[in-house]
Amino acid sequence: MKEEGHERRVRASLLGSGAITILVGLAWSAAFIHFDRPVLAALNGCLIVFGIALVWLVYQRRLTAAALLAGLFLPLFIAASCLFDNVPDGVHHGTQMHFLAVALGGYFVFRRGGIYMKYVMPAFCLVGFAVFSNTSIGFHDPALVIPASAAEIGVWTNTLTAMVELVFIVVIMNADLSVRRMMDVEMRKAVANGDFQLHYQPQINEAGKVVGAEALIRWRHAKMGNVPPAEFIPLAEETGLIIPIGNWVLRAACAQLAQWEAQPEAQHITMAVNVSASQFRQPDFVQSVSEIVRLSGATPSKLKLELTESMFVDNIDATVAKMNALKAIGIIWSLDDFGTGYSSLSALNSFPLGQIKIDKTFVHGMLTNVPNMVVTEAIIELAGKLNLQVIAEGVETVEQFNRLREAGCLNYQGYLFSPPLDIDAFSKFLSPEPPRIEPVSRHLLELPA
């Protein structure tokens, strides 16, 4: 799979930050050793270690860890520098706080990160910049302050370095925005021209028989090739295109479900379709889904709409009303990624669910992590007592399959059985021969959304 454009820009930003911090740390450590400031030299030695760790994490493709390290360490280091070696003395201005503006610019590069990278870090940098720009807070002990003879060099060095980093971030931001605009235009064309297609990942029962399929959207672009869902779905959410895309997915999935019902070997198969939060919150969602199912001719009870736990946090009454309205015509509701959200148990108690999907993180870790196995077994037992169907996703090894079966799980989905398949390959998969339960190399196949 080709590397995503946004990921490339994040890697470039992190590598650039790592390289600059190593160079700056080396320069100032040498300077402070020369000026007999061992504490300040050690402080900048930490900067060297940070830069090396950042570069190593990026080369290991652990971008999330690298971004968190940068988001945690850099603002704190800059604040420490403002308190120690860069305190204004009435003659020389503090310049280390300029790097807080650079870190603030990182918000735009890491805007898809978690709460810390999106809100806490920018707020900390903004407050820090305002405080250190207008006060002389800091330690004035000569052993902890940059010597006057080097202060003038420090003013120019810090200012120029901060300007270089800021320009670097602006270039990355501009490139990212340009790509996003291009992707937005191309997605609108794809919606209008019907360039998306569905792949179907088989869902297997304990006897190895295909009992269902999950519909997963794919986009093959004439010039960009296969565009991973992880690259275009978040943008579709931001731009509102997820609503027409989601409606297209539902129409295509229902049409395919109706075709399977006309085939003796496939008429028992159910269809699972993911519903986005934006799509679900539309005022006409119930009417739209009902009309799509009616026009397709598919049996509503063979359609499973998958929701995530995050959609159960707000507007509970409205959510329950919509779910009940579609349940009344036979549609089954499935709770996706069960166990990873904030309201799993309350969701089981409050919402009209018919199925839960055990998240793949539990499946992957249950053989090596006892708590994961305990949680997985508890989920299966709880689902049985509540008369809910349960399916484990992300099953990749025979050992996982056997352990889940021993725990009482009767339905499975994952690369052990098959990756997502186009309709022709899926039809071949539905041969009279039972699926072979053999591990499938994830490195040779495109990962599902």
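Bear in mind the structure is a predicted one, so any value in this text is a computation, not a measurement. For the numbers below, each heavy atom of this structure counts, side chains included, while hydrogens, waters and symmetry mates do not.
- Thr299 and Leu257 get closest at one heavy-atom pair: O-CD2, 4.2 Å.
- For His268, there are no ring-ring contact (aromatic ring centres under 6.0 Å, His included) partners, not counting sequence neighbours.
- Between Gln279 and Ile242, the closest side-chain pair of non-hydrogen atoms is not below 4.5 Å.
- Under the ring-ring contact (aromatic ring centres under 6.0 Å, His included) criterion, Trp260 pairs with Tyr200, Phe426, not counting sequence neighbours.
- Here Phe196 pairs with Trp219, Phe232 under the ring-ring contact (aromatic ring centres under 6.0 Å, His included) rule; sequence neighbours left out.
- By the side chain to side chain donor-acceptor pair (under 3.5 Å) test, Asn274 pairs with Glu214, sequence neighbours left out.
- Taking 4.5 Å as the limit, some side-chain heavy atom of Val211 sits within range of a side-chain heavy atom of Asn411.
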Could you check Glu393 against Gln413 for side chain to side chain donor-acceptor pair (under 3.5 Å), going step by step and ending with a plain yes or no? CA-CA 5 Å; Glu393 59 181 343; Gln413 177 181 340; 5.0 Å; no
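- Heavy-atom neighbours of Asn193 CG from other residues, nucleotides or ligands within 6.0 Å: above the threshold of 12.
- Listed by first then second residue, pairs satisfying side chain to side chain donor-acceptor pair (under 3.5 Å) with a partner in residues 284-296 read Glu291-Arg294, not counting sequence neighbours.
- When the side chain to side chain donor-acceptor pair (under 3.5 Å) test is applied to Glu381, the partners found at least two apart in sequence or on another chain are Lys385.
- Contact record, Ser418 with Gln201: O-NE2, 3.1 Å, taken as the closest heavy-atom pair.
- Considering only residues two or more places apart in sequence or on other chains, Arg281 meets the side chain to side chain donor-acceptor pair (under 3.5 Å) condition with none of them.
- Arg188 meets the salt bridge (Lys or Arg N to Asp or Glu O under 4.0 Å) test with Asp184; sequence neighbours excluded.
- Between Glu265 and Leu430, the closest heavy-atom pair is CG-O, 4.5 Å.
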Could you tabulate the donor-acceptor pairs under 3.5 Å formed by side-chain atoms of residues 322-331, not counting sequence neighbours?
{"residue": "Lys322", "atom": "NZ", "partner": "Phe280", "partner atom": "O", "Å": "2.7"}
{"residue": "Lys322", "atom": "NZ", "partner": "Gln282", "partner atom": "O", "Å": "3.1"}
{"residue": "Asn324", "atom": "ND2", "partner": "Val320", "partner atom": "O", "Å": "3.3"}

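- Heavy-atom minimum distance, Pro234 versus Pro229: CD-O, 3.7 Å.
- The side-chain contact (heavy atoms from CB on, under 4.5 Å) search around Gln355 returns Lys304, Ser334, Lys357, Gln389, Ile391, not counting sequence neighbours.
- For the pair Trp333 and Phe351, the minimum side-chain heavy-atom distance is 4.5 Å or more.
- For the atom pair CD of Glu186 and CE of Met182, the computed distance is 6.5 Å after rounding to the nearest 0.5 Å.
- For Thr376, the side chain to side chain donor-acceptor pair (under 3.5 Å) test picks out no residue, with sequence neighbours left out.
- Applying the salt bridge (Lys or Arg N to Asp or Glu O under 4.0 Å) test to Glu237 and every residue at least two apart in sequence or in another chain returns nothing.
- In this structure the side chain of Glu377 reaches within 4.5 angstrom of the side chain of Met373, judged on heavy atoms.
- Between Val363 and Asp359 there is no side-chain heavy-atom pair separated by less than 4.5 Å.
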Show the numbers, then the answer: is there a side-chain contact (heavy atoms from CB on, under 4.5 Å) between Leu421 and His199? CA-CA 5 Å; Leu421 305 169; His199 283 198; 5.9 Å; no
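- When side chains are defined from C-beta on, Ile204 counts as touching Val210, because their heavy atoms get closer than 4.5 Å.
- Inter-residue side-chain proximity for Leu198 and Trp248 is flagged as met; some heavy-atom pair is nearer than 4.5 Å.
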How far apart are the C-alpha atoms of Phe401 and Phe417, what are their side-chain angles, what is the distance that settles it, and do they pass the ring-ring contact (aromatic ring centres under 6.0 Å, His included) test? CA-CA 10 Å; Phe401 168 75; Phe417 312 101; 5.8 Å; yes
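- Here the CG atom belonging to Leu235 is positioned 12.0 Å from the CZ atom belonging to Arg181, to the nearest 0.5 angstrom.
- Between Leu416 and Thr397, the closest heavy-atom pair is CD2-O, 3.4 Å.
- Annotation: the span from Ile380 atom CD1 to Leu388 atom CG amounts to 13.0 Å, rounded to 0.5 Å.
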For Gln197 and Ile217, what are the C-alpha separation, side-chain angles and deciding distance, and is it a side-chain contact (heavy atoms from CB on, under 4.5 Å)? CA-CA 6 Å; Gln197 62 178 160; Ile217 190 170; over 6 Å; no
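- With contacts defined as side-chain heavy-atom distances shorter than 4.5 Å, the pair Thr270/Leu303 does not qualify.
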